[in-house]
Amino acid sequence: MVARLHASRLGGTAAVPPSKSMAHRAVLCAALADGVSRLSNIEYSEDIRATLGAVAQLGAKVAEGPDSVTITGRGAASGFATVTRPVFCNESGSTLRFMIPLFSLTAQKVRFTGAGRLFDRPQAIYQMLFDRQGLRFTQAPDGITVFGRLRPGGFTLPGDVSSQFISGLLFAAPLMESESTIEVLPPYESRSYVELTVAAMQRFGVKVTARARKNGSVLYRVPAPQSYTACDLTMEGDYSQAAFLAVLGCVAGGITVTGLDPASRQGDKVILDILQRCGAKIKPLENGYQFARSLLRATEIDLADCPDLGPILFTLGCFCSGETVLRNAGRLRLKESDRIDAMQAELQKMGARILVDGDDVHILGTALHAPDAPLSGHNDHRVVMALAVAAAAAGLPALLLGAEAVNKSWPAFWQVLQGLGARVELD
């Protein structure tokens, strides 16, 4: 799909979609619980549909409503269904990494398939853990096959890899035969995502404790066997998606974003602190924030705990006076696209001045111009949205290829942008 963006006057109010991170976790906990759970404020993005499909293969019953889903869980691992076909994870790294330890508890041979760059993303942590227990873990360009039941015990993981590995083990640990510990070594990156996992597990009645150790590591202790307990839960708004509208508002002005919990534990809520350091005018509201047009200045940003903000922070840097520096950006190369190369290449078509030095990115604020060639979305939802914000905020016409990638996380993105006054034609 092609998006044709035209120069427009922007303003108004928009609601953000529900948190994808929270929805993944809630769906999974509900599927593992005894009883019926109703999850409200759900958006059926491609990633969430992948997780819903996976838990159905575990044996959970899934009944979809317009904006809510009712899940009847299978309870203990002994109630899991026989896996008769590959588990399709689409392009969702969360689905794949959360499900591998859980499906191993079936003690069956299970194959995981996907799409896009999913199996280009590293899985060495699970390879190591399965090898240590003498279990089968085979990765090929088109999928991963596991065979054998993970056993409880002491797990030690580096903290500078995806937090999804830690979360995957945490979800499975209560269903094992005895207690497990998971030690995460420093530096511990993306810890906020693990804290969301622990909060979700506790909401569904599972006990998890965390303790900082003298060596700088964090030790999670999960008693077992435990049972997840069904509950009803409403998903809060997504700060990682709100970041796109927040940057747009601070550059173009007059945008109110609703559906956000000011007390949220989402790590990407840090977008508010980043924008304030850049001089943004932000007014807190009862269920959101108002973003006014601001004179923005450059700052230094550490992406270690908020890598999903990377693409929109590239865009932000273009509108800040001075030199914006993104530190610890290396993990952006391991997403749906190489987000560093993608954002550098596409923003440079609009005159952006970007220098990449290893894991650091330097962005010099400059006036953007209409792109001298069509923009490519690189089959990456966050790249597409960040480029759309760049063009819309600068008031520039642009042709953006691969606009359908937003379906991965925010299917209504283009409609929301149009609701704010953007003239967008979708072909």
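The structure presented is a predicted model; accordingly, all values stated were derived computationally and were not measured.
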K.L.:
Using a strict threshold of under 4.0 Å (side-chain N to carboxylate O), is an ion pair present between Arg149 and Glu177?
P.N.:
yes

K.L.:
So do Ile271 and Leu313 actually touch side chain to side chain, heavy atoms under 4.5 Å?
P.N.:
yes

K.L.:
Is any side-chain heavy atom of Ser163 closer than 4.5 Å to a side-chain heavy atom of Arg191?
P.N.:
no

K.L.:
What heavy-atom pair brings Ala30 and Leu39 nearest, and what distance separates the two atoms?
P.N.:
CB-CD1, 4.4 Å

K.L.:
Counting N and O atoms only, with roles assigned by atom type, does the side chain of Gln139 sit under 3.5 Å from a partner on the main chain of Phe119, one being a donor and the other an acceptor?
P.N.:
yes

K.L.:
Give me the atom names and distance for the closest heavy-atom approach of Trp414 to Ala403.
P.N.:
NE1-O, 3.1 Å

K.L.:
For the side chain of Asp261 and the backbone of Gly237, is there at least one donor-acceptor N/O pair under 3.5 Å apart?
P.N.:
no

K.L.:
Ignoring hydrogens and angles, tell me if any N or O in the side chain of Ser37 forms a donor-acceptor pair with the backbone of Asp232 under 3.5 Å.
P.N.:
no

K.L.:
Could you tell me whether the side chain of Thr113 and the main chain of Pro86 form a donor-acceptor pair under 3.5 Å?
P.N.:
no

K.L.:
Flag the pair Arg49 and Glu46 as a salt bridge only when some basic side-chain nitrogen lies within less than 4.0 angstrom of an acidic carboxylate oxygen.
P.N.:
no

K.L.:
Test Ser45 against Asp47 for side-chain hydrogen bond (donor to acceptor under 3.5 Å, both in side chains), laying out the working first.
P.N.:
CA-CA 5 Å; Ser45 64; Asp47 279 9; 5.8 Å; no

K.L.:
Do Phe204 and Met201 come close enough that some side-chain heavy atom pair is under 4.5 Å?
P.N.:
no

K.L.:
My understanding is that only residues two or more places apart in sequence, or in another chain, count here; which of them pass side-chain contact (heavy atoms from CB on, under 4.5 Å) with Ala352?
P.N.:
Cys318, Leu347, Ile354, Leu368

K.L.:
Let me check something: any side-chain donor-acceptor pairs from residues 279-292 under 3.5 Å, sequence neighbours excluded? List them with distances.
P.N.:
unit_1 : atom_1 : unit_2 : atom_2 : d
Tyr289 : OH     : Tyr239 : OH     : 3.3

K.L.:
Before accepting this row, confirm whether a basic side-chain N of the pair Asp131/Arg136 lies closer than 4.0 Å to the acidic partner's carboxylate O.
P.N.:
no

K.L.:
For Asn379, check side chain to side chain donor-acceptor pair (under 3.5 Å) against everything at least two apart and list the hits.
P.N.:
Glu91

K.L.:
Judged by atom type as modelled, is there a donor-acceptor pair below 3.5 Å linking the side chain of Ser19 to the main-chain atoms of Met22?
P.N.:
yes

K.L.:
If you compare all heavy atoms of Asp305 against all heavy atoms of Ser190, which two are closest, and at what distance to 0.1 Å?
P.N.:
OD1-CA, 2.7 Å

K.L.:
In a check of side chain to side chain contact (heavy atoms under 4.5 Å, CB included) between Ile71 and each of Leu32, Val36, Leu52, Leu28, which one passes?
P.N.:
Leu52

K.L.:
Check whether any side-chain heavy atom of Arg121 sits under 4.5 Å from a side-chain heavy atom of Lys335, and report yes or no.
P.N.:
yes

K.L.:
By salt bridge (Lys or Arg N to Asp or Glu O under 4.0 Å), which residues pair with Asp360, not counting sequence neighbours?
P.N.:
Arg327

K.L.:
I'd like a table of donor-acceptor pairs (distance under 3.5 Å, sequence neighbours excluded) in which one partner is a side-chain atom from residues 95-103, with atom names and distances.
P.N.:
unit_1 : atom_1 : unit_2 : atom_2 : d
Thr95  : OG1    : Thr51  : OG1    : 2.7
Thr95  : OG1    : Ser92  : OG     : 2.7
Arg97  : NE     : Gln123 : OE1    : 3.4
Arg97  : NH1    : Ser162 : OG     : 3.2
Arg97  : NH1    : Gln164 : OE1    : 2.8
Arg97  : NH2    : Pro122 : O      : 2.7

K.L.:
Could you list the residues that satisfy side chain to side chain donor-acceptor pair (under 3.5 Å) with Asp338, not counting sequence neighbours?
P.N.:
Arg333

K.L.:
Just to verify, what does Gln226 make a side-chain contact (heavy atoms from CB on, under 4.5 Å) with, not counting sequence neighbours?
P.N.:
Pro174, Val206, Lys207, Val222, Pro223

K.L.:
What side-chain donor-acceptor pairs closer than 3.5 Å can you find for residues 182-189, not counting sequence neighbours?
P.N.:
unit_1 : atom_1 : unit_2 : atom_2 : d
Glu183 : OE1    : Arg213 : NH1    : 3.4
Glu183 : OE2    : Arg213 : NH1    : 3.3
Glu183 : OE2    : Asn215 : ND2    : 3.3
Glu183 : OE2    : Ser217 : OG     : 2.7
Tyr188 : OH     : Tyr220 : OH     : 2.7
Glu189 : OE1    : Arg331 : NH1    : 3.2

K.L.:
Would you check if the side chain of Asn328 reaches a backbone N or O of Ala304 as a donor-acceptor pair within less than 3.5 Å?
P.N.:
no

K.L.:
Checking Thr315 side chain against Ala386 main chain: does a donor-acceptor pair fall under 3.5 Å?
P.N.:
yes

K.L.:
Sub-3.5 Å donor-acceptor pair from the side chain of Asn41 to the main-chain atoms of Met235, do we have one?
P.N.:
yes

K.L.:
Run the side chain to side chain donor-acceptor pair (under 3.5 Å) test against Arg38 and tell me which residues pass, sequence neighbours left out.
P.N.:
Ser40, Ser68

K.L.:
Once ring-ring contact (aromatic ring centres under 6.0 Å, His included) is applied, do any residues pair with Phe319, and if so which ones, sequence neighbours excluded?
P.N.:
none

K.L.:
If we ignore hydrogens and angles and just use 3.5 Å, is the side chain of Tyr228 paired with the main-chain N or O of Ala31 as donor and acceptor?
P.N.:
no

K.L.:
Between Glu346 (side chain only) and Leu375 (backbone N and O only), is there a donor and an acceptor less than 3.5 Å apart?
P.N.:
no

K.L.:
Would you mind reporting whether Leu248 and Leu10 have side-chain heavy atoms less than 4.5 Å apart?
P.N.:
yes

K.L.:
If the condition is side chain to side chain donor-acceptor pair (under 3.5 Å), which residues does Asp67 pass it with, not counting sequence neighbours?
P.N.:
none

K.L.:
Using the side chain to side chain contact (heavy atoms under 4.5 Å, CB included) rule, take Ile255 and Leu420 through it: C-alpha gap first, then chi angles, then the decisive distance, then the call.
P.N.:
CA-CA 8 Å; Ile255 292 179; Leu420 292 171; 4.2 Å; yes

K.L.:
Go through the structure and list residues passing side-chain contact (heavy atoms from CB on, under 4.5 Å) with Cys320, not counting sequence neighbours.
P.N.:
Cys278, Leu296, Ala298, Leu316, Thr324

K.L.:
Check Arg382 with Asp308, please: is the shortest side-chain N to carboxylate O separation under 4.0 Å?
P.N.:
yes

K.L.:
State, with a plain yes or no, whether a side-chain heavy atom of Thr234 is found less than 4.5 Å away from one of Glu236.
P.N.:
no

